[in-house]
Amino acid sequence: MSVDDLLLPGTVRQAVPAGIDVSAAARKLVSGLVAEPYGQVSASVYETGRLVSQAPWLTGHTGRVAFLLGAQRPDGGWGAPGGYALVPTLSATEALIAELRRDDPGSGLGREDVGRGADRGLELLRSWSRDGRWPSPPDMPAIELIVPALVSLINEHLAAAGAGERLDLPQGMDGAKLSVIRERLASGAAVSQKLVHALEVAGEAAVRAPGVVPSPVGTDTFSPVAAGTIGASPAAGSAWLGPEGRADPDDPVRRYLEAVAGRYGGPVPCALPVTVFERGWVLSWLWRAGIHVEVPPQLAESLGDALGPQGTSAGPGLPPDADTTSVALYALALLGDPREPDGLRGYETDTHFCTWRGEEGASPTVNAHVLDAFGEYVRRRPEAAPRYAAATGRLSAWLRGRQTREGSWLDRWHASPYYATACCALALAEFGGEESAEAVDGAVRWILGSQREDGSWGRWRGTAEETAYALQTLLLTAATAGRGRAEAVERGYHYLRGSVGDQGVPIGAPPLWHDKDLYLPVAIVTAAVLGALHLARPVTRSRPGGVGAITDS
């Protein structure tokens, strides 16, 4: 997998070969987790825009500006449909305006091109602002802080240029919470690690904020030299360094930024490293689907070593969370190393498990993963069943209660209901008891009824990722609502086979995962695709005329 695949996801263009050796592709994928331990995550328009604005001195500035210009949509915006365009469009527009205002723009790109991109973005934003026609903001991390911060920056640019019409905030948003956070940082007080991931919203108060301490990133997992991250975020790191960040090339945070920008040729992702997150999800998707490839000892050891009293975080600089902790525990159990999941109790509320303490909202997929962790541990350690019976019962009931009338689930960590539905339906099918059968049946009916004409599944269009989730749900549940299931699997398999490269990497895959911007965790999605291909193979071969283009060696 090349870095280009991470910049513009799915840039592989060659025709799909006649066969895919799923086991060989899975072995290569797992070995890649060792070779690229920081993670394989697509670049972000939002995060890249923040570096264009905040750190024109950083290596790769020209590549970042070019990335923004190349990613602009015909309507002048950036990002996915609807409200998902809000944050990237604000960030990219502000970044291009900031570039234009410099006496000596560092990008070396033509002012005419940069100005055209800024004007088109600004006109779209103004059209949204007039009469309050902003797209509805999705439930994404720190969006209630990011949007006011960016609107304020753009209005400052417009005021300085005497450019007239300013932007109003979307309905329901104001700068009150942002002001409190800036005041707290300016006072030297500590802030939550969750907030540090979006430290850039604090503006000048973020610069060398005494309450914010860089997290070390070891040379064995990220860079040939010691580095330090602020919230695992390039934007947060550049905000903390401030304009004088260029002065000390040996600063650990500067080294972190140089390493990330160098890897991507300028553009940057929202979060890196995401070592534990990537390893847990990849291994669990593969092993749950029955692809039992040999796992290098250091991978399993890294998951176990990451677990502490509060569980584990997705990577250095991020707070521990129930989601990453659950998936790490589940993956370890599947690998034959079950660990007591009592550390998850710290995330338990009266009704469900939170992603982290103080979470605003709730996540069905996090709770599905907690159910997986408890259920798989009990399966491996039956004597522990009494200790987890009450919790698994409450979890299952809570998940059933969050199912939509149509049979799907929606979640705050992914744009697609097919991801949430796969997570919840699979957990309930395995560990939710007989009382969850109706909910699983409902999920299967919804999936069968929402398949597209070309055999795919998807929220906005058919995608390999969402098709993989749908196929895994159909093939890993014993639902009784499966009339037409074999035909649906056959059609989905054909679509999936034609939508991936010879290693199972999706072609043209859009980013669907929630962070400050949508992102694509390439290795994780590839694992889900390989799992679906592995599961679908015997079904398609058993049908008359079924195609056997998939091999397992």
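- A donor-acceptor pair is defined here as one N or O able to donate and one able to accept, closer than 3.5 Å; no such pair exists between the side chain of T325 and the backbone of G311.
- Taking both residues in full, the closest heavy atoms of V34 and P296 are given as CG2-CG, 4.1 Å, listed atom of the first, atom of the second, then distance.
- W513 and Y419 have their aromatic ring centers within a separation under 6.0 angstrom.
- In this structure, the side chain of Y493 does not engage the main chain of A488 through any donor-acceptor pair within 3.5 Å.
- Counting only distance, with no hydrogens or angles, the side chain of T421 and the backbone of W409 share a donor-acceptor pair below 3.5 Å.
- Within the 4.5 Å cutoff, no side-chain heavy atoms of W134 are placed close to those of V147.
- At a threshold of 4.0 Å, the pair R387-E340 counts as salt-bridged, since one of the basic side-chain nitrogens sits closer than that to a carboxylate oxygen.
- Using a distance-only test at 3.5 Å, with no hydrogens or angles considered, no donor-acceptor pair links the side chain of T467 to the main chain of S456.
- The pair R50-E47 fails the salt-bridge criterion, with no side-chain N (NZ, NE, NH1 or NH2) lying under 4.0 Å from an Asp/Glu carboxylate O.
- The pair R357-E348 does not meet the salt-bridge criterion, since no charged nitrogen lies less than 4.0 angstrom from a carboxylate oxygen.
- If you look at Y519 and Y46, their ring centroids are not closer than 6.0 Å.
- Taking the six-membered ring where the residue is Trp, the centroids of Y330 and W281 are separated by 6.0 Å or more.
- Shown are L318, I230, T229; of these, the side chain to side chain contact (heavy atoms under 4.5 Å, CB included) with H197 is made only by L318.
- For the pair L307 and L329, the tightest heavy-atom approach, listed with the atom from each and the gap, is CD1-CD2, 3.7 Å.
- Around atom CZ of R345, more than 12 heavy atoms belonging to other residues, nucleotides or ligands sit under 6.0 Å away.
- Inter-residue side-chain proximity for V366 and W356 is flagged as unmet; no heavy-atom pair is nearer than 4.5 Å.
- Of the possible donor and acceptor atoms, one in the side chain of S302 sits under 3.5 Å from a partner among the backbone N and O of L299.
- Checking H414 against E466 by side-chain atom types alone, no donor-acceptor pair falls below 3.5 Å.
- Checked by atom type and distance alone, the side chain of Q472 never pairs as donor or acceptor with a backbone atom of A468 at under 3.5 Å.
- The environment of E383 atom CD is dense: over 12 non-hydrogen atoms of other residues, nucleotides or ligands sit within 6.0 angstrom.
- Taking the side chain as every heavy atom from C-beta outward, W287 and V295 approach each other to under 4.5 Å.
- Note on R491 versus E487: no salt bridge recorded, every NZ/NE/NH1/NH2 to OD/OE distance being 4.0 Å or above.
- Taking all atoms of both residues into account, the shortest heavy-atom contact from R279 to L33 is NH2-O, 3.2 Å.
- Taking the charged nitrogens against the carboxylate oxygens, E430 and R288 do have a contact shorter than 4.0 Å, which makes a salt bridge.
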Show your working on ring-ring contact (aromatic ring centres under 6.0 Å, His included) between Y84 and W78 and close with a plain yes or no. CA-CA 9 Å; Y84 286 102; W78 283 263; over 10 Å; no
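- When every heavy atom of R412 is checked against every heavy atom of H514, the shortest pair comes out as O-ND1, 2.7 Å.
- A side-chain donor from one of S233 and K516 sits under 3.5 Å from a side-chain acceptor of the other.
- The nearest pair of heavy atoms linking A271 to V41 is O-CG2, 4.3 Å.
- Within the structure, the side chain to side chain donor-acceptor pair (under 3.5 Å) test picks out the following pairs touching residues 309-323 (sequence neighbours left out): D321-T324, D323-H369.
- When all heavy atoms of L371 and F431 are compared, the closest pair comes out as O-CD1, 3.8 Å.
- Between the side chain of T349 and the backbone N or O of F353 there is no donor-acceptor pair closer than 3.5 Å.
- In this structure a side-chain-to-backbone donor-acceptor pair under 3.5 Å is missing from W457 to L448.
- Residues forming a ring pair (Phe, Tyr, Trp, His ring centres under 6.0 Å) with W446 (at least two apart in sequence, or on another chain): Y418.
- Between the side chains of Y388 and D342, at least one donor N or O lies within less than 3.5 Å of an accepting N or O.
- Without hydrogens or angle criteria, T48 side chain to V268 main chain gives a donor-acceptor distance under 3.5 Å.
- Considering only heavy atoms from C-beta on, P521 stays 4.5 Å or farther from E278 through its side chain.
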